[in-house]
Amino acid sequence: MTPRMRKLLEFTLDNLVWFMLVFVLAVFSALIPNYFQLGIFANIIEASSVLGVMSIGLALVIIAGHMDLSVESVAALSAMAVGILFCSAGIGLGIKLTPAWLAVPVSLALALAVGGLIGLFNGWLIVKVKMNAFIITLASYIWVRGIVLAVSGGRSAQDLAPAIRWFAIQRFIGLPLTAWIAILCFVLFSVIMAKTPFGRHLVMIGGNETATYRAGIRVTRYLILAFVLAGAIAGLSGWLLAIRTSGATANLGIGLLFNAFAAVVIGGVSLKGGVGALPGVYAGVLLLSAINTAINLMGLPAVYTQVIHGFLVLAAVLLDTFKTRLRQKLA
Amino acid sequence: MREPLLVLDNIRKNYGAIEALKGVSFSIGKGEVVALLGDNGAGKSTLVKIISGGLEPTSGRMIFEGQDYVARSPAEAKAAHIETVYQDLSLCTNVDVVANFFMGRELTRRVMGIPFLDERAMEAVVAKALANAGTRIPSLRTKVEHLSGGQRQAIELNRFVHWGGKLVLLDEPFAALGVEQTRRGLDMIRQVADQGIGVIIITHIMQQAFQVADRIVVIRQGVVAGDVERSKTSPDAVIEMITGQNLAGAGAAGGMGAVESPA
Ligand SMILES: Nc1ncnc2c1ncn2[C@@H]1O[C@H](COP(=O)(O)OP(=O)(O)OP(=O)(O)O)[C@@H](O)[C@H]1O
Ligand SMILES: [Mg+2]
């Protein structure tokens with residue numbers, strides 16, 4: 001194989017998800033009536049903000065060579081915490097702050113703190129006590145959701161404070177601010193991962209933890225920080241979720257984990273760690289969202305969505321394996 | 001003898017019931033090259049890991065530049081200016097040559113207080129370092145997974161030459177290198193030592209040891225079985241120390257250096 005062809009092939013592999021996104025959008029636009037409109041594309045971006053933010057945290061941990069299954073439940077707990085404090089109906093306590101906009105930073109800080117603390121707990125057990133990440137975060141997935149059920153008593157909070165709701169209503173260039181927050185997060189973390197020593201170190205830890213430890217990189221600290229970030233980012237996605245639904249229900253966000261997982265893997269992050277970049281993950285998120293929108297437009301019963309998502313996860317993992325093999329052949 | 005850089009005093013290391021090191025003592029001076037020889041499983045890598053912060057000794061003392069020294073992590077050894085090239089390579093194959101060269105010591109540029117990787121400056125440094133050493137790598141931006149074993153080892157060697165320090169530990173650094181690259185590597189070691197840096201090199205190839213070392217230390221079954229000046233010994237005598245057998249006509253090896261006996 002000529003070096004030129006190899007470069008081309010590698011470029012294709014690295015950016016496969018973008019090609020897939022363009023392809024899928026083109027096919028849907030051609031086949032589904034009413035798909036090709038600006039409104040739909042705005043809708044796709046808007047609908048993907050919660051999932052997008054959550055995927056960032058998950059991607060960070062997977063790139064660093066670990067796994068966090070708890071992000072979905074963490075988001076739900078953060079949303080529930082915000083809902084209980086700042087909703088005025090249902091189980092909401094309807095806390096009023098003066099001035100009213102103070103509810104925004106307070107609720108945001110609360111959501112981030114809830115997520116960050118659970119992330120710290122996960123990270124400490126996994127990195128310091130050296131327990132298996134899969135098991136620990138699976139446990140967190142269960143007990144955190146349990147807390148959501150317990151504090152809500154299975155009921156819901158409605159009517160989120162208008163000051164917070166504002167982020168879902170206020171639009172900027174056709175997109176609500178919640179969508180812009182997601183885009184901003186992607187830009188921010190893409191830059192951090194690609195351009196700063198912190199990101200570089202996380203990628204290298206995911207590639208060869210022993211080597212980074214020997215090079216004097218403080219692996220333990222980095223990994224715990226990755227889990228804290230994943231938790232805090234999940235908290236942020238919970239905050240967005242509460243805003244979008246204007247409250248919180250006990251089963252809020254169920255199923256998001258697997259969508260996030262699919263988005264991350266489709267986005268080119270390898271489950272082996274050390275491979276992948278965040279722009280790809282955003283493309284993965286948009287791809288899923290585009291498919292969801294197509295399902296809606298075609299009027300398929302919602303029950304099929306789950307089947308399709310399941311196959312998407314499967315396809316993503318197959319793709320990951322396939323790409324790894326192909327890369328080995330290239331090497 | 002030269003000013004001692006590192007003194008090992010009765011270092012012991014047990015892996016559970018296995019006594020890998022049973023009281024090792026020797027020292028290395030500034031600018032000195034010590035070849036550490038010994039059969040498979042003699043305890044050479046274990047000793048290197050103790051000095052470089054990968055393992056803690058079960059007992060014993062180390063004195064580095066006249067002060068008590070113990071490294072609880074590789075980061076601490078690095079802070080003391082002790083560099084290590086490990087037997088199993090320590091490269092992240094998922095990133096490029098430049099990233100590996102600067103692993104943990106990236107050059108940055110601050111923009112509003114936030115450190116950003118200074119890729120261009122780093123690439124320039126790596127290009128220069130590799131060119132000086134005569135190492136040819138197609139592109140510094142290729143991921144290391146696409147490089148050959150020899151190229152990978154060359155990166156590690158160039159890395160330690162560039163970062164220097166006060167003491168360098170090399171655990172079989174030439175295992176994957178060709179003839180020409182090995183010769184260059186040996187030259188590099190001499191250059192490094194001439195800057196006053198102490199070098200401990202582990203090798204199984206007698207010829208390399210005799211080519212580059214000032215002193216030869218032999219470890220057998222966790223103890224020092226011989227510690228001699230290169231100019232006062234011969235390959236046959238060293239082989240005898242390594243195997244512990246008396247070869248016909250090789251003479252008594254034990255008389256040539258301080259022989260430690262297990263305590
Ligand atoms: N992590 C470990 N756990 C248990 N025993 C170990 C461990 N590492 C090394 N050993 C044992 O300690 C002894 C010394 O091993 P070491 O790796 O230091 O040998 P070496 O001299 O470097 O050998 P080689 O020339 O094969 O690299 C061997 O008996 C080995 O089996
Ligand atoms: Mg060894």
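We name chains A, B, ... by the order of the sequence lines, and we start the count at 1 in each one. Note that these values count all heavy atoms, side chains included, but never hydrogens, waters or copies made by symmetry.
A distance of 7.0 Å separates OG1 in Thr93(B) from CG in Asn208(A), rounded to the nearest 0.5 Å. Residue Thr142(B) holds its OG1 atom at 8.0 Å from NZ of Lys7(A), rounded to the nearest 0.5 Å. The distance from the OG atom of Ser73(B) to the CD1 atom of Ile217(A) is 12.5 Å, given to the nearest 0.5 Å.
Residues that satisfy the salt bridge (charged side-chain N to carboxylate O under 4.0 Å, His left out) test with Arg184(B), not counting sequence neighbours, are Glu180(B).
Crowding of Lys195(A) atom NZ: a count of heavy atoms from other residues, nucleotides or ligands under 6.0 Å not exceeding 12. Within a 6.0 Å sphere centred on CH2 of Trp163(B), other residues, nucleotides and ligands contribute more than 12 heavy atoms. Within a 6.0 Å sphere centred on CZ of Phe134(A), heavy atoms belonging to other residues, nucleotides or ligands number 12 at most. Taking a 6.0 Å sphere around CZ of Phe23(A), one finds it holds 12 or fewer heavy atoms contributed by other residues, nucleotides or ligands. Taking a 6.0 Å sphere around CZ of Phe258(A), one finds it holds 12 or fewer heavy atoms contributed by other residues, nucleotides or ligands. Sparse packing is recorded around CZ of Arg221(A), with 12 or fewer heavy atoms of other residues, nucleotides or ligands lying under 6.0 Å away.
Both the backbone and the side chain of Thr212(A) come within contact range of chain B, judged by heavy atoms closer than 4.5 Å. Residue Glu83(B): no heavy atom, backbone or side chain, is found under 4.5 Å from chain A.
Contact record, Pro115(B) with Pro197(A): O-CD, 3.5 Å, taken as the closest heavy-atom pair. Listed here is the closest heavy atom pair of Tyr213(A) and Gly53(B): OH-O, 4.3 Å.
Using a distance-only test at 3.5 Å, with no hydrogens or angles considered, a donor-acceptor pair links the side chain of Asn94(B) to the main chain of Val203(A).
Annotation: maximal heavy-atom pairing with chain A below 4.5 Å, among Ser148(B), Pro74(B), Ser90(B), Pro138(B), occurs at Pro74(B). Options Leu117(B), Leu147(B), Leu91(B) differ in how many heavy-atom pairs under 4.5 Å they form with chain A, and the most are formed by Leu117(B).
Under the 4.0 Å criterion applied to side-chain N and carboxylate O atoms, Asp88(B) and Arg214(A) are assigned as salt-bridge partners.
Considering only heavy atoms from C-beta on, Met204(A) comes within 4.5 Å of Val95(B) through its side chain. Inter-residue side-chain proximity for Thr210(A) and Tyr86(B) is flagged as unmet; no heavy-atom pair is nearer than 4.5 Å.
Taking 4.5 Å as the heavy-atom cut-off, the residues of residues 99-108 of chain B that approach chain A are Ala99(B), Met103(B), Gly104(B), Glu106(B), Thr108(B), ordered by number.
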